[in-house]
Number of protein chains: 2
Amino acid sequence: MSITETPTGYVKTVGEVAAEAGVAPSAVRFYEQHGVIRAERTSGDQRRFDDSAACRIKVAKVAQRVGLTVREIADVFAGFPQEPSCEDWGRVAETLIAEAEARTAALRGYLAEISSGAKLCEI
Amino acid sequence: MSITETPTGYVKTVGEVAAEAGVAPSAVRFYEQHGVIRAERTSGDQRRFDDSAACRIKVAKVAQRVGLTVREIADVFAGFPQEPSCEDWGRVAETLIAEAEARTAALRGYLAEISSGAKLCEI
DNA sequence: CTCGCCCTTCAACATATGTTGAAGTCAAGG
DNA sequence: CCTTGACTTCAACATATGTTGAAGGGCGAG
């Protein structure tokens, strides 16, 4: 009785997700291998992604720009539902922004220490 | 008439700078190769760094955490005086913080777009 | 002047983040 | 059914960021 066909929307191919996310197909496979996105397989062993895949990849690219590794990004998405709600995205957003701000704060703190001539600026 | 001996304070060895900055000597050589720090050479071809070297490296490490590449960090230090004043450090600080905040803003903007259900969150 | 530690270069290795190409398979349109 | 384009895996390559080890040389203390 359970619906086993298209239980969720795993319908997009590698190429479609790649085009949507603005990256190469090889990058899509890379992100899947590293847990940033998830895929089901067709009977012919081809990957099928849901709609959130391209979105996750775009988030990953922006998060990489603030210094998060692919591993760290995958961790943020761990336990993320297949079909995320806007609230789910909101939680991810908070986590990523908090991390970015923590790193910026570390930078700012260290730079303040130096440029105020604290101890490192004994030049 | 010009003073050619110890024109500036290039007196620290690779190992000293490494210990001061908390990195491996190999990393110090790496940063010099990539323009983050500068060295003079002794007659015996050994590197000698000034006091700002360890400081630059520490800044570089923190800047890397917010996503800047070594190349980008070297660019920030391009044209930086050998013997930087606190104002010089202040300018570097402003540049780095501005870049970090720009990247965080990009992350924030993209995430806001998604989690508000704008167009990407048509899940 | 010699001893030992730190320095030198260079090549190989290691990890992260991908890209490219070869060889073969799948799937959708005619 | 058959062609064709997109898919598969796997290995090699590429760049960034370093580390490690070998072979040899400098420099300061005794």
Side-chain angles (χ1 to χ4, degrees), chain A residues 5-6 10-50 53-54 56-77 96 99 103, chain B residues 5-6 10-50 53-54 56-77 99 103 107:
Chain A
E5 307 200 273
T6 66
Y10 286 94
V11 297
K12 304 223 179 144
T13 67
V14 160
E16 287 165 349
V17 170
E20 210 180 313
V23 301
S26 60
V28 174
R29 296 191 187 95
F30 178 84
Y31 287 126
E32 189 214 359
Q33 281 169 6
H34 291 79
V36 172
I37 54 179
R38 240 205 104 237
E40 296 194 335
R41 295 295 182 124
T42 66
S43 57
D45 207 32
Q46 295 196 352
R47 292 170 184 83
R48 289 297 181 269
F49 300 92
D50 64 39
R56 286 177 185 226
I57 290 175
K58 289 196 194 180
V59 170
K61 295 309 283 183
V62 184
Q64 281 181 280
R65 285 280 291 174
V66 295
L68 281 87
T69 65
V70 166
R71 174 64 185 277
E72 289 168 336
I73 294 162
D75 287 348
V76 170
F77 281 131
L96 293 176
E99 184 60 32
R103 292 180 185 201
Chain B
E5 307 202 273
T6 65
Y10 286 94
V11 296
K12 305 223 179 146
T13 67
V14 160
E16 287 165 349
V17 171
E20 208 180 315
V23 301
S26 59
V28 174
R29 297 190 187 96
F30 178 84
Y31 287 125
E32 188 214 0
Q33 281 168 7
H34 291 78
V36 171
I37 55 180
R38 239 205 106 235
E40 296 195 335
R41 296 295 183 125
T42 66
S43 57
D45 206 32
Q46 296 195 353
R47 292 170 184 83
R48 289 297 181 267
F49 300 92
D50 64 40
R56 285 178 186 226
I57 290 175
K58 289 194 193 182
V59 170
K61 295 309 283 183
V62 184
Q64 282 181 278
R65 286 280 292 174
V66 296
L68 280 87
T69 65
V70 167
R71 174 64 186 278
E72 288 168 336
I73 295 162
D75 287 348
V76 169
F77 280 129
E99 183 61 31
R103 293 179 185 203
L107 175 66

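Source: prediction; values computed, not measured. Chain letters run A, B, ... following the sequence lines, proteins first and then strands; every chain starts at 1.
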Considering just the side-chain nitrogens and oxygens of B/T69, establish if one lies under 4.0 Å of OP1 or OP2 belonging to D/dA16.
-> no
What integer distance in Å separates B/F30:CZ from D/dT15:P?
-> 14 Å
Hey, which sits more toward the 5' end of DNA chain C by its nearest nucleotide, A/S43 or A/V23?
-> A/V23
For C/dG18, does OP1 or OP2 lie under 4.0 Å from any side-chain N or O of A/S26?
-> no
For B/Q46 and C/dC5, give me the distance from atom CD to atom C1', rounded to whole Å.
-> 11 Å
Phosphate OP1/OP2 of D/dC27 contacted by B/T42 side-chain N/O (<4.0 Å) = yes
Whole angstrom is fine here: how far is it from CZ in A/R29 over to P in C/dG21?
-> 14 Å
Give a yes/no answer on whether the side chain of B/Q64 brings an N or O atom under 4.0 Å of OP1 or OP2 in D/dG18.
-> yes
Quickly work out the B/D45 CG to D/dC27 C1' distance and round it to whole Å.
-> 14 Å
Integer-rounded Å distance: D/dA16 C1' and B/E72 CD | 12 Å
Which one of B/R65, B/R71, B/E72 satisfies the side-chain contact (heavy atoms from CB on, under 4.5 Å) criterion with B/L68?
-> B/E72
Tell me whether the OP1 or OP2 atom of C/dT17 has a side-chain N or O from A/Y31 closer than 4.0 Å.
-> no
Interatomic distance, A/R48 CZ vs C/dC26 C1' [rounded to whole Å] | 9 Å
State whether A/Q33 places a side-chain N or O below 4.0 Å from either non-bridging phosphate oxygen (OP1 or OP2) of C/dG18.
-> no
Name the nucleic acid region contacted by A/R47, choosing base, sugar-phosphate or nothing; use a 4.0 angstrom heavy-atom cut-off, strictly under.
-> sugar-phosphate
Rounded distance (Å) that lies between atom P of D/dC27 and atom CZ of B/R41 = 12 Å
List the atom of B/H34, the atom of B/A74, and the distance in Å for their closest heavy-atom pair.
-> O-CB, 3.3 Å
Between B/E20 and B/K58, is there a salt bridge with N-O shorter than 4.0 Å?
-> no
Nearest-Å distance for atom pair NZ/C1', residues A/K61 and C/dG18 = 8 Å
Intermediate values then yes/no, side-chain hydrogen bond (donor to acceptor under 3.5 Å, both in side chains), A/Y31 and A/R56 | CA-CA 10 Å; A/Y31 287 126; A/R56 286 177 185 226; over 6 Å; no
Considering the options B/T42, B/V14, B/V11, which one meets the side-chain contact (heavy atoms from CB on, under 4.5 Å) requirement together with B/R48?
-> B/T42
